[in-house]
Chemist: 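Please find one structure pasted underneath; my questions will follow.
Throughout, a chain's letter reflects where its sequence line sits, starting with A, and its residues are numbered from 1. Keep in mind it's a predicted model, so treat the numbers as computed, not measured.
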Amino acid sequence: MFWRDHKIDTPCFGVLAEFPDGASLLEAIEKTRAAGYEKLEAYTPLPMHDVWHALGHKSRLPELVLCGGIVGALVGFGMQYFASVVHYPLNVGGRPLNSWPSFIIITFELTILFAAATAVLGMLALNGLPRPHHPLFEIDEFEQASADRFFLLILAHDPLFELGNATAFLSELAPLSLSEVPNA
Amino acid sequence: MQPAPPKEPARPAVIAPGHTHASITDKITSIVLRRHTPRGWFVGFGIAFALVMVLLTSITMLLLKGTGIWGLNVPVGWGFAIINFVWWIGIGHAGTLISAILLLFRQDWRTSINRFAEAMTLFAVACAGVFPLLHVGRPWLAYWLVPYPNTMALWPQFRSPLLWDVFAVSTYATVSAMFWYVGLIPDFATLRDGAKSKVFRVIYGMLALGWRGAARHWERYETAYLLLAGLATPLVVSVHTVVSLDFAVSVIPGWHATIFPPYFVAGAIYSGFAMVMTLAIPLRKVYGLQDFITMRHLQNMAKVILATGLIVAYGYTMEAFFAWYSANDYERGMAWNRMVGPYAPFYWALIVSNVIVPQFLWLKKVRSSVVALFVICLVVNVGMWLERFVIVVTSLSRDFLPSSWDTYSGTIWDWSLFIGTMGLFAALLFLFIRFLPMISIFEMRTLVPGGEAAPHDKDADAAPVDGAGPEEQA
């Protein structure tokens, strides 16, 4: 996560292996985890539930969005209550100042607005985006990650990581290509 | 996102056989990155751009002379401005329906049409917004509608449906824009990586925000996308409900009806799907996208049009029935005046185009004919405009006092402004199909057999994690 993105000070960022399809990527993830590597990341051109389940990813976004929605509802109703009851009370033929039924729609709209904005901004923030530069962008093969190739990365700060061993291990999985990612 | 469900063999597929991740990527990105811009694009964009100039001229005249150049007068104080506003905003609703509601119902056929349907939503909302903004008379003071701390210590009227409209439409515009942009991020990354020219690489790279398809990112991305869909679904229903409350909360005969909200929402989806078809049919032809926007898409949309058309027909029937059943003289007079009064031709034209013509869609032969579908959709687009005209004008032109009765028609400036917004809509769409992928590339990849490595099963793969997952560094 972006606030935990402590600098990797090794000259190597990790080792990247390229696979032709999702099935071989999944197999590689299982073997790599079985070999004891923990700091892994996979790159796919489409969302794949099995890949992030295999890597053990689970986001906290839904809770954040719920909070955003609740804040939106409170802001929406609070604003109308404050305006109509506290700040500028207007007596219209003795009708109640807190005419809550007519405040529901704006409360609802602001609930949706705040929740949706939290979903988008929260997703980007948790993903550490925008981030225009990244060491992986230095790898020529990685351009295919947004088209039709599937990648597995073992990160250099994995406790088991040793460049020679990790490279040798990944090459046994028969990748299409194998690159050492410099920490650029 | 989800694997395609098994299909009956006779049904046309949602994507033509033989496509791979690479061929989808290439086919859609090449329209933006490599293929020659067709000459028709320049002609079409030129015409649209000329109409944008008409729009600017109309707005300039309006600001110079005031709303007197429109046909508005007592008793018809809501004319083209409100008709066009409701028409445009209704068109937009199909985009949200396709992108959000069909996503939640896991209708995988939505995938190839959702991107440009969402674009259509955004542009239609932009066109819709022009009208109320100008209709306030002094648009430079439109910010008075927003609650902000001011030296007059005044607040907007939170109990008015017109203010609810401000909140509903601006929330709708914002959420639609976010939904659209989020959907585009992975495709911007594809364009960034596929672009040959340095300039486009940088521009698409900035728009992609550094997206690199990490599994952890995808997981949050899909969560956010589903949540947005879940939020947009009640939102889109609320927007047209609020639009209908602009009418229904008043005490004008013909407007003060509880059927308005559901009947407006159905009408919005009806007109919106008709507009999606009106755009999709020429687009798939010009850009050769019949593999992606297949006959199955067109047939499914035709069925949605037929179903919502029947709801709308029910709405018309109930309007007339309740006018009679209420035993209220004003309601009865209003309904009678609609059918035989000075605007009767509009009313019957609306009944023919919205109720009778769509009944041809019951026939499979008609649903299988691209030309017939295109013609029916054009008729529905006109019919829905007539519907709003009939609702707005017939009720207002017969005031409670016969001495104030008057008829209404648009002036040349009403028409030029309306046609101008069509130009704005078309110009934005032309720019969209030239510079952005008009079909969602990454979602199309999920339709390829084997796109998902194995069917997703929550219970089966919930277990394998021991302890916390790896830190996100990559």
Side-chain angles (χ1 to χ4, degrees), chain A residues 1 4-5 8 14 21-23 26 38-59 61-62 65 79-80 83-84 88 99 102-103 105-106 108-109 112-113 115-116 119-120 123-124 126-127 129-132 134 136 143 145-148 153 155 157, chain B residues 1 20-22 25 147 153-155 158-159 164 167-168 171 174-175 178 182 186 189-190 192-194 205-206 209-224 227-228 231-232 234-235 238 242 442 445-446 450-454 456 461-462 464-465 469-474:
Chain A
M1 270 168 249
R4 278 200 242 149
D5 198 2
I8 301 180
D21 53 46
L26 267 176
E38 279 168 8
K39 310 287 184 196
L40 302 178
E41 188 55 282
Y43 299 87
T44 55
L46 71 166
M48 290 179 67
H49 296 245
D50 297 321
V51 168
W52 66 68
H53 283 281
L55 291 170
H57 293 167
K58 177 92 183 79
S59 82
L61 198 58
V65 174
M79 170 180 72
Q80 297 177 81
S84 311
Y88 205 106
S99 55
S102 54
F103 299 159
I105 286 179
I106 291 179
F108 171 80
E109 301 297 342
I112 298 282
L113 182 66
V120 174
M123 182 271 286
L124 291 176
L126 292 174
N127 283 349
L129 301 175
R131 180 167 175 185
H134 191 274
L136 283 170
E143 275 190 1
S146 66
D148 62 344
L153 178 76
L155 286 142
H157 67 110
Chain B
M1 318 243 157
T20 63
H21 292 160
T25 309
L154 284 175
W155 289 88
F158 290 120
R159 298 182 182 104
W164 303 345
F167 278 85
T171 299
T174 313
V175 172
M178 290 195 296
V182 166
T190 301
R192 168 197 68 201
D193 294 339
M206 288 198 291
L209 306 176
W211 182 262
R212 44 194 189 278
R216 180 176 290 265
H217 291 187
W218 274 123
E219 202 256 333
R220 293 198 190 96
Y221 179 90
E222 198 175 79
T223 309
L227 287 172
L228 276 179
L231 291 165
L235 175 65
S238 86
V242 173
F442 83 90
R445 289 184 193 125
T446 64
E452 279 272 30
H456 168 54
D461 51 19
V465 196
E471 310 255 309
E472 153 68 355
Q473 283 288 341

Chemist: Give a yes or no on whether the backbone of A/L126 and the side-chain of B/R220 come within a donor-acceptor separation of less than 3.5 Å.
Modeler: yes
Chemist: Heavy-atom pairs under 4.5 Å with chain B: which of A/P62, A/A83, A/A119 has the most?
Modeler: A/A83
Chemist: Go through the atoms of B/L227 and report whether side chain, backbone, both or neither lie under 4.5 Å from a heavy atom of chain A.
Modeler: side chain
Chemist: Please give me the minimum heavy-atom distance between B/P234 and A/I112, naming the atom from each residue.
Modeler: CG-CD1, 4.2 Å
Chemist: Counting only heavy atoms closer than 4.5 Å, note whether A/I105 contacts chain B via side chain, backbone, both or neither.
Modeler: side chain
Chemist: Just checking, any donor-acceptor pair under 3.5 angstrom between side chains of A/H49 and B/E222?
Modeler: yes
Chemist: Output the distance between atom CE (A/M48) and atom CZ (B/R445), rounded to the nearest 0.5 Å.
Modeler: 12.5 Å
Chemist: Applying side chain to side chain contact (heavy atoms under 4.5 Å, CB included), run through B/W155 and A/M79 and close with a yes or a no.
Modeler: CA-CA 10 Å; B/W155 289 88; A/M79 170 180 72; 3.9 Å; yes
Chemist: Output the distance between atom CG (B/L209) and atom CZ (A/R131), rounded to the nearest 0.5 Å.
Modeler: 13.5 Å
Chemist: Out of A/P132, A/A145, A/G14, A/A147, return the one with the most heavy atom pairs under 4.5 angstrom to chain B.
Modeler: A/A147
Chemist: Enter the distance from B/F158:CZ to A/S102:OG here, rounded to the nearest 0.5 Å.
Modeler: 10.5 Å
Chemist: Tell me every residue that passes ring-ring contact (aromatic ring centres under 6.0 Å, His included) with B/W218, counting only those two or more places apart in sequence or in another chain.
Modeler: B/W211, B/Y221, B/F442
Chemist: Show the numbers, then the answer: is there a side chain to side chain contact (heavy atoms under 4.5 Å, CB included) between A/M123 and B/V182?
Modeler: CA-CA 10 Å; A/M123 182 271 286; B/V182 166; 4.1 Å; yes
Chemist: Please list, chain by chain and in numerical order, all residues satisfying side chain to side chain donor-acceptor pair (under 3.5 Å) with B/T174, sequence neighbours excluded.
Modeler: none
Chemist: Write down the atom of B/A189, the atom of A/S146, and the distance for their closest heavy-atom approach.
Modeler: O-OG, 3.6 Å
Chemist: Rounded to the nearest 0.5 Å, how far apart are CZ of B/R216 and CG of A/L55?
Modeler: 8.5 Å
Chemist: Check whether B/W164 reaches the backbone of A/F103 with its side chain - one donor and one acceptor, N or O, closer than 3.5 Å.
Modeler: no
Chemist: Please check if the side chain of B/E219 supplies one atom and the backbone of A/S59 the other of a donor-acceptor pair under 3.5 Å.
Modeler: yes
Chemist: Heavy atoms only, distances under 4.5 angstrom: which of B/T25, B/V175, B/T190 has the most pairs with chain A? Name it, please.
Modeler: B/T190
Chemist: Heavy-atom pairs under 4.5 Å with chain A: which of B/A224, B/A215, B/G205 has the most?
Modeler: B/A215
Chemist: Do A/S99 and B/R159 have side-chain atoms, one donor and one acceptor, less than 3.5 Å apart?
Modeler: yes
Chemist: CZ/B/R212 to CG/A/N127 distance, rounded to the nearest 0.5 angstrom?
Modeler: 8.5 Å
Chemist: Between B/S238 and A/F108, is the side chain to side chain contact (heavy atoms under 4.5 Å, CB included) condition met? List the steps.
Modeler: CA-CA 9 Å; B/S238 86; A/F108 171 80; 3.4 Å; yes
Chemist: At what distance, to the nearest 0.5 angstrom, does CG of A/L113 lie from OG1 of B/T171?
Modeler: 4.5 Å
